[in-house]
Amino acid sequence: MKKKIFDSIKNELKREFVLEKPKELSFGHYATPVAFSLAKEFRKSPIKIAEELAENFEKNSMFEEVNALKGYLNFKLSDAFLDEYTTWALAHEDEYSKDDNSESILLEFVSANPTGPLHIGHARGAVIGDTLCRLGRHLGYKVDSEYYVNDAGNQIYLLGLSIFLAGQEHILKQKVDWPDEYYRGEYIVDLAKRASADFNEDIFKDKKNIEILSDWGKDMMLQLIGENLKDVGIEFDNFVSEKSLYGKWNESFEKLQKNDKTYEKDGKIWIRSSDFGDEKDRVVVRDDGRATYLAGDIIYHDNKYQRDYDKYINIWGADHHGYIARVKAAINFLGYDEKRLEVILAQMVSLLKGGEPYKMSKRSGNFILMSDVVDEIGKDALRFIFLSKKADTHLEFDVDSLKKQDSTNPIFYINYAHARVNQIFEKSGKKLDDIKDIKLDNLSQSAKNLLFSALLLPEVVEDTFTSRQVQRLSDYLVSLASNLHKFYNENRVVGSENEDKYLKIFAMVALSIKTGLKLMGIEAKNKM
RNA sequence: GUCCCGGUAGCUCAGCAGGAUAGAGCACUUGAUUCCUAAUCAAGAGGUCAUGAGUUCGAAUCUCGUCCGGGACACCA
């Protein structure tokens with residue numbers, strides 16, 4: 001809708017301008033401050049310029065009114081235009097708010113170590129990533145979602161060791177000297193029990209079996225993580241194993257070497273990341289020949305760029321921010337355009353329960369499981385809370401307050417609006433087909449405002465995705481629901497002379513809510 | 001010490017490619033059910049937009065400094 005309007009105005013003004021929302025809807029549906037920027041050029045007051053522009057603006061059927069106010073040029077859309085668009089949308093539910101972008105995007109997110117279940121911090125990146133994926137696809141982008149599995153390195157050994165020791169303690173009933181670093185938490189004991197059943201308890205007798213337990217434990221954890229994700233409606237297109245890429249190290253290394261971006265010192269191989277914005281050079285191969293984590297990421301990004309997407313988006317935890325510079329440096333050194341990689345950092349999540357702060361630490365086993373929170377407040381509320389705040393602010397919320405299934409829970413409020421529309425249709429005994437071709441004319445101001453707010457979904461979706469600001473969609477849905485509730489309270493629908501018109505507007509509101517929620521991974525409810 | 005994110009109503013947060021009178025939800029006060037679900041709505045109260053300066057027609061928004069909070073600064077992943 002906005003695009004059409006933009007083009008139409010541009011056609012008339014014949015110059016660049018900014019199209020925005022007026023402060024108040026009563027001014028108009030859209031507005032432009034273009035007169036302010038013209039003031040200098042024409043050496044006239046913006047107020048005068050706006051008046052002249054408004055006067056000379058050639059009307060078409062799209063606009064009911066074009067007026068000037070305090071230097072702004074305001075546009076009011078006509079009933080006929082809104083009606084035409086609504087009729088089309090209701091008849092083409094599947095196409096509504098879609099777009100035809102064609103860029104390909106590789107979206108990597110979660111990528112949590114397969115050494116334990118997902119905790120609440122992972123959930124934020126997971127939900128945001130999944131939603132961007134849904135939004136992108138809706139807008140026509142070719143989005144592939146990917147999970148990078150860190151299945152090599154010390155943490156996998158530690159997982160095996162932890163299971164091994166837990167087996168000695170809980171199955172073999174031996175006294176165990178726990179090292180400084182190991183994975184705590186009940187799930188390790190559960191894994192030991194499971195291992196004792198899958199293999200047998202002898203596996204805990206020989207240290208040589210730690211490696212077997214590492215590999216087995218990693219697979220079990222991946223499976224568990226997959227279930228955790230599925231429980232909040234997330235499925236990945238690809239899982240890429242760090243270990244499986246190690247064979248390609250020589251290939252990536254040769255590229256770096258050819259560009260003279262590595263060197264040897266103290267028996268180690270370093271990458272010249274300080275040449276490209278990093279604080280200092282980094283070790284990629286240790287003196288004992290083992291690759292570092294960064295080496296793994298270099299191979300992985302080489303692999304990503306070989307697959308040739310137009311854009312790469314990584315969603316990382318905020319604790320990875322120092323890592324961006326070195327990965328971008330490596331990408332550049334490999335001969336690729338590092339600007340095609342965009343990193344979104346998801347800030348910390350602090351969880352409260354009854355006002356008491358929780359502290360999370362994966363190592364200690366003292367973290368809050370995502371699945372526990374899902375059990376408490378449900379997947380929809382969890383998704384909504386993460387989607388209602390922008391990614392780069394620290395988020396604090398109290399589990400207890402989200403447990404409530406009442407008006408303090410915004411997802412409830414939105415669903416109620418959707419259910420309300422459904423309810424009214426039932427009461428009226430009419431179906432969508434009965435009213436979708438009704439002509440919307442002579443609408444009251446409030447009816448027109450409601451319809452207009454419902455029709456904003458496409459531009460909100462577009463804006464939400466391109467800005468990667470997921471909270472814009474949820475904010476919009478709350479305000480749309482609010483508009484519906486308000487209208488409902490002020491106007492009788494069933495049995496009124498405007499029944500059919502109002503039903504059509506309500507159907508449009510419901511369609512926008514349903515579509516918006518779906519993009520957030522939430523199913524709209526028809527009954528509360 | 002360096003880097004990243006933040007500081008807006010009592011609380012949780014929007015707004016920030018400069019623009020019209022700074023918003024929402026929660027909490028608080030008051031009111032609205034003979035009538036489509038009151039799981040809702042309306043009204044009220046609540047602000048030196050951390051702070052100082054700069055940029056200009058115009059700053060919560062951009063620039064610089066200061067203060068406060070959180071995080072990161074591995075040959076761990």
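Naming convention: chains lettered A, B, ... in sequence-line order (proteins, then strands); numbering from 1 in each chain.
In terms of phosphate contacts, A:Tyr413 brings a side-chain nitrogen or oxygen within less than 4.0 Å of OP1 or OP2 of B:C41. Put simply, A:Tyr488 has no side-chain N or O that comes within less than 4.0 Å of OP1 or OP2 on B:U37.
Put simply, the side chain of A:Glu499 gets close to the backbone of A:Gly495: a donor and an acceptor are under 3.5 Å apart.
Ring orientation note: the planes of A:His320 and A:Tyr323 are nearly perpendicular, at an angle over 60° on the 30°/60° scale.
If you check B:A38 for Watson-Crick or wobble pairing at under 3.5 angstrom, you find it has no partner at all. The partner of B:A45, taking Watson-Crick or G-U wobble pairs whose two distances both stay under 3.5 Å, does not exist in any strand shown. In this entry B:G1 has B:C73 as its Watson-Crick or G-U wobble partner, both defining distances falling under 3.5 Å. Pairing of B:A27, defined by two Watson-Crick or G-U wobble distances under 3.5 Å, is not identified with any nucleotide. Across all strands shown, B:A53 is found opposite B:U63 as a Watson-Crick or G-U wobble partner, with both distances under 3.5 Å. Shown here, B:U33 forms no base pair; nothing in the strands shown gives a Watson-Crick or G-U wobble contact with both key distances under 3.5 Å. With a cut-off of 3.5 Å on both Watson-Crick or G-U wobble distances, the partner of B:G6 is given as B:C68.
A:Asn491 comes within 4.0 angstrom of a base, heavy atoms only. Within 4.0 Å (heavy atoms only), A:Pro22 reaches at least one base atom of the nucleic acid. Counting non-hydrogen atoms under 4.0 angstrom, A:Ala152 reaches the backbone sugars and phosphates but no base.
With respect to the salt-bridge test (charged N to carboxylate O, under 4.0 angstrom), the residues A:Glu146 and A:Lys304 do not qualify. Salt bridge annotation for A:Asp288-A:Arg290: present, with a cationic side-chain nitrogen under 4.0 angstrom from a carboxylate oxygen. Salt-bridge formation is not detected for the pair A:Asp500/A:Lys504: no Lys NZ or Arg NE/NH1/NH2 atom is positioned less than 4.0 Å from an Asp or Glu carboxylate oxygen. A:Arg326 has no carboxylate O lying under 4.0 Å from a charged side-chain N of A:Glu279, or vice versa, which leaves the two without a salt bridge.
Look at the P atom in both B:C64 and B:A20: the space between them is 24 Å, to the nearest Å. Remark: the separation of the C1' atoms in B:A60 and B:U51 is 14 Å, to the nearest Å. Rounded to a whole angstrom, the distance from the P atom of B:A74 to that of B:C3 is 16 Å. B:A50 and B:A32 are spaced 40 Å apart, taking the P atom of each and rounding to whole Å. One C1' atom belongs to B:C41, the other to B:A9, and the distance between them is 22 Å to the nearest Å. For the C1' atoms, the distance linking B:A72 with B:U56 amounts to 38 Å, nearest Å. Taking the P atom of each, B:C16 and B:G7 are spaced 13 Å apart, rounded to whole Å. The gap from the P atom of B:G6 to that of B:G46 amounts to 30 Å, rounded to the nearest Å.
Both stacking criteria are satisfied for A:Phe27 over the base of B:A20: a centre-to-centre distance under 5.5 angstrom and an angle between ring planes under 30 degrees.
Side-chain atoms of A:Asn74 and base atoms of B:A20 include a donor and an acceptor less than 3.5 Å apart.
Within a 6.0 Å radius of NZ in A:Lys248, other residues, nucleotides and ligands contribute 12 heavy atoms or fewer.
Looking at every heavy atom in both residues, A:Leu159 comes nearest to A:Ser214 through CD2-O, 4.2 Å.
Rounding to whole angstrom units, CD1 of residue A:Ile47 and P of B:G58 are separated by 15 Å. Spacing between atom CG of A:Leu25 and atom C1' of B:A20 amounts to 14 Å, rounded to whole angstrom units. Put simply, CZ on A:Arg282 is 14 Å from P on B:A77, counting in whole angstrom units.
No side-chain donor from either of A:Asn449 and A:His29 sits under 3.5 Å from a side-chain acceptor of the other.
Glycosidic conformation at B:U33 (O4'-C1'-N9-C4 for purines, O4'-C1'-N1-C2 for pyrimidines): syn, within 90° of 0.
Shown for residues 493-501 of chain A: residues whose heavy atoms fall under 4.0 angstrom of RNA chain B, namely A:Val493, A:Val494.
Outside the 6.0 Å centre-distance limit, the rings of A:Tyr148 and A:Phe239 are not counted as a close aromatic pair.
Contacts of A:Arg124 classified as salt bridge (charged side-chain N to carboxylate O under 4.0 Å, His left out), with partners at least two apart in sequence or in another chain: none.
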Base-contact (B) and sugar-phosphate-only (S) positions in nucleotides 3-16 of chain B, heavy-atom cut-off under 4.0 Å, - elsewhere | BSB------SSSSB
